[in-house]
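Proteins get letters first, then strands, A, B, ... in listed order; numbering begins at 1 in each. It should be emphasised that the depicted structure is a prediction, and the values quoted were computed from it without experimental measurement.
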Amino acid sequence: MAKQEFASALVQWYRTVQRDLPWRRSKDPYAIWVSEVMLQQTRVETVVPYFERFITRYPSIDALAAADEQEVVKNWEGLGYYSRVRNLHLAVKEVASKYGGEIPRSYEQMRALPGVGPYTVGAVLSIAYGVPLPAVDGNVLRVMARVFALEEDVASARTRTRVEAIVTELIPRDCPGDFNQALMELGARICVPRTPKCVECPLTIYCKARATGRQNELPYKKGKKPQRIEERAVFLIESQSGEFLIRKRPQQGLLANLWEFPHVLMSSAVALEVDASDLRQIGMLAREIVGYVPQEITFIRKYVHLFSHVIWNLSLYVFKATEGLVLEAPYQWVSAEQRERYTFGQVFNKMWMDVKVEGMSERR
DNA sequence: TACTCGTGGGC
DNA sequence: TGCCCAAGAGT
């Protein structure tokens, strides 16, 4: 294949059709870095408003490095994969203290920062500094699997290494950032997962999958493991003085360090037996949190919340706590106003909105 | 390697 | 409706 023609056809296409995105208007390596972290496993349309707000709030490495951790995480609320923002905060602090506030230009040094993997190094260094490194994401894997008719599982490390080698070979020295972004833009808009738009593709004459009519069969992916299902009873507990009980989640695992309304995992046997309206059984579960069986519990509604590998079947209940109930950490009482400063998983925010709209106090 | 880690959109 | 997926990294 004519390397130069491939690259120039791709870059030329990109420069004609590229979308006007906020991080593309910036030449600030820090802003580009923030965008790349937000874009991990997350759609462009979702990221845009978060990016604008985050960059306005934390316009520089020094500003983010100096910021309060809890507040930084609050600005990420709703984006998911919350370890990304904690790692970004740690990494920015390290850049501020160790590298004088300038992102290191060497692969090894940047790769060593927390939350910075091979993709992010390649993307930031190529786009911000013009370093000719590959930035292989899901788009690039899909595009290359089709163009070169790669048959192996695209999720495998071997395929990734192969694709990195191919990109390294093809990447133009004069515009590595545009080349990397062009590959991603192509994957996002033309070489899409299902029914790629080959008639609009600038690489169609190079594409082996297209030549053999296999563009709908590639890339090959292994099937995913089914999600684990958990039945949980969630309690929105209001004190006599109108505060609400929240608790902090553990430092490791799902929604790590975020806040939530207390809930109890039901064994599958219990879950099968207990009807949502069987409040006697639910009272026994509430006792695991407050230490006694509440007098009067109200069932609100059921929720299904999907994570990438777990399904939560949740039943929400509310009740009034007895006077003077004291609970230790990780439990905490907060007013409705104070609650807004804490970061919750989205399902808990949805519950809160639902109860607020319906009016919990007027319910009885 | 395989699994963990969120969320919302599209069909 | 259920399933797939989207600019990945850590373990």
Worksheet item: Pairs in or reaching into residues 13-49 of chain A: which pass ring pair (Phe, Tyr, Trp, His ring centres under 6.0 Å), with residues at least two apart or in two chains?
Response: A/W23-A/F51
Worksheet item: Expressed as a whole number of Å, how far does the C1' atom of B/dG6 sit from that of C/dC5?
Response: 13 Å
Item to complete: For C/dA6 and B/dC5, measure between their P atoms and round to the nearest Å.
Response: 22 Å
Item to complete: Quick one: label A/R142 by what it contacts on the DNA or RNA (base, sugar-phosphate, nothing), any heavy atom closer than 4.0 Å.
Response: sugar-phosphate
Atom [atom1] of [X] to atom [atom2] of [N]: distance rounded to whole Å?
{"X": "A/I229", "N": "C/dC3", "atom1": "CD1", "atom2": "C1'", "answer": "14 Å"}
{"X": "A/R111", "N": "C/dG8", "atom1": "CZ", "atom2": "C1'", "answer": "10 Å"}
{"X": "A/K224", "N": "B/dC3", "atom1": "NZ", "atom2": "P", "answer": "13 Å"}
{"X": "A/D137", "N": "C/dG8", "atom1": "CG", "atom2": "C1'", "answer": "9 Å"}

Worksheet item: Using a cut-off of 4.0 Å between protein heavy atoms and nucleotide atoms, how would you tag nucleotides 4-11 of chain B 5' to 3' with B, S and -?
Response: SBBBBB--
Discussion item. Between A/R232 and A/E260 (salt bridge meaning N to carboxylate O under 4.0 Å), is one present in this structure?
Written reply: no
Worksheet item: With respect to the side chain of A/S156, which nucleotide from C/dA6, C/dA9, B/dT1 is positioned closest?
Response: B/dT1
Worksheet item: Hey, can you pull the residues of residues 18-25 of chain A with a non-hydrogen atom under 4.0 angstrom from DNA chain C?
Response: A/R19, A/L21, A/W23, A/R24
